[in-house]
Amino acid sequence: MGSYKHILLAVDFFDQNQSVADKAKDLAEKYQARLSIVHVVDTLPIADPAYEMLMPFDMDLTAEFMATAKTKLIALAKELNVDEADLRLEAGSPKQEIIRVAEEIQADLIVLGSHGRHGLALLLGSTANGVLHYAGCDVLAVRIQ
Ligand code: AMP
């Protein structure tokens, strides 16, 4: 295994993030790599006019979610000793944004959980699966039981 220089940790702030974050921190220390963290606020529509309206269609909670996510991201950065300049908070499709940020910061390893919100019944969650398929760098999917 070559030596990694810039590791990107993707967190969804779901239950099992701690073991994923610990693994990323360990690897960053082992390789003396820079560690960045990305969280993506998923902006897929909650309701679609083609289906039943679950909430007013024009209600956009992205700003509120971004604010909450920012607080959590900063707390995690302190815990992992990551510089605030190395935090990325994005809105959009998680798998696309994780891949885009990884390319932008020239990460050579993405660390994520095998499962988060979208995949408890599957071998790999949908974000993990999408990132593994399309990332241009190595991807470590930390096993979440
Ligand atoms: P999933 O495939 O959605 O079940 O999630 C698998 C892993 O992908 C999670 O454990 C996180 O590491 C990462 N992930 C999922 N959603 C996001 C998100 N919105 N922002 C950043 N990382 C995410």
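As the structure lists them, so they are numbered: ligands from 1, and atoms in each ligand from 1. Just so you know, these numbers come straight off a predicted model, no measurement behind them.
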- Is it the side chain, the backbone, both or neither of P94 that has a heavy atom closer than 4.0 Å to ligand 1? side chain

Atoms of ligand 1 less than 4.0 Å from [X] heavy atoms?
{"X": "V40", "value": "18 (C), 19 (N), 20 (N), 21 (C)"}
{"X": "A128", "value": "2 (O)"}
{"X": "G125", "value": "1 (P), 2 (O), 4 (O)"}
{"X": "V38", "value": "21 (C)"}
{"X": "H39", "value": "20 (N), 21 (C)"}

- Query: What distance do D42 atom CG and S93 atom OG have between them, rounded to the nearest 0.5 Å?
  - Reply: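 Taking CG in D42 and OG in S93, the distance rounds to 7.0 Å.
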
- Query: What distance separates R88 CZ from I98 CD1, expressed to the nearest 0.5 Å?
  - Reply: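 Reported to 0.5 Å precision, the distance equals 12.0 Å.
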
Backbone or side chain, does any N or O of [X] fall under 3.5 Å from an N or O of ligand 1?
{"X": "V11", "result": "yes"}
{"X": "A10", "result": "yes"}
{"X": "S114", "result": "no"}
{"X": "V111", "result": "no"}
{"X": "I144", "result": "no"}
{"X": "T127", "result": "yes"}

- Counting heavy atoms not belonging to Q106, are there more than 12 under 6.0 Å from its CD? no

- What are the two closest non-hydrogen atoms of L89 and A69, and how far apart are they? CD1-CB, 3.8 Å

- Message: Give me the atom names and distance for the closest heavy-atom approach of L8 to A107.
- Response: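 Answer, listing the atom of L8 first, then A107: CB-CB, 3.9 Å.
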
- Task: Examine ligand 1 and decide if any of its atoms is less than 4.0 Å from a heavy atom belonging to I98.
- Result: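 Flag set, I98 near ligand 1.
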
- Any ion pair linking R100 and E103 (charged N to carboxylate O, less than 4.0 Å)?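 Salt bridge absent between E103 and R100.
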
- Have Q96 and E90 got a donor and an acceptor in their side chains that come within less than 3.5 Å?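 Not at all, the side chains of Q96 and E90 share no donor-acceptor pair under 3.5 Å.
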
- Message: Angle between ring planes, Y4 versus Y31, binned at 30° and 60°: parallel, tilted or perpendicular?
- Response: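 Plane angle over 60°, so perpendicular.
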
- Item | Among V11, D26, V20, side-chain contact (heavy atoms from CB on, under 4.5 Å) partner for V111 |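 Only match with V111 under side-chain contact (heavy atoms from CB on, under 4.5 Å): V20.
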
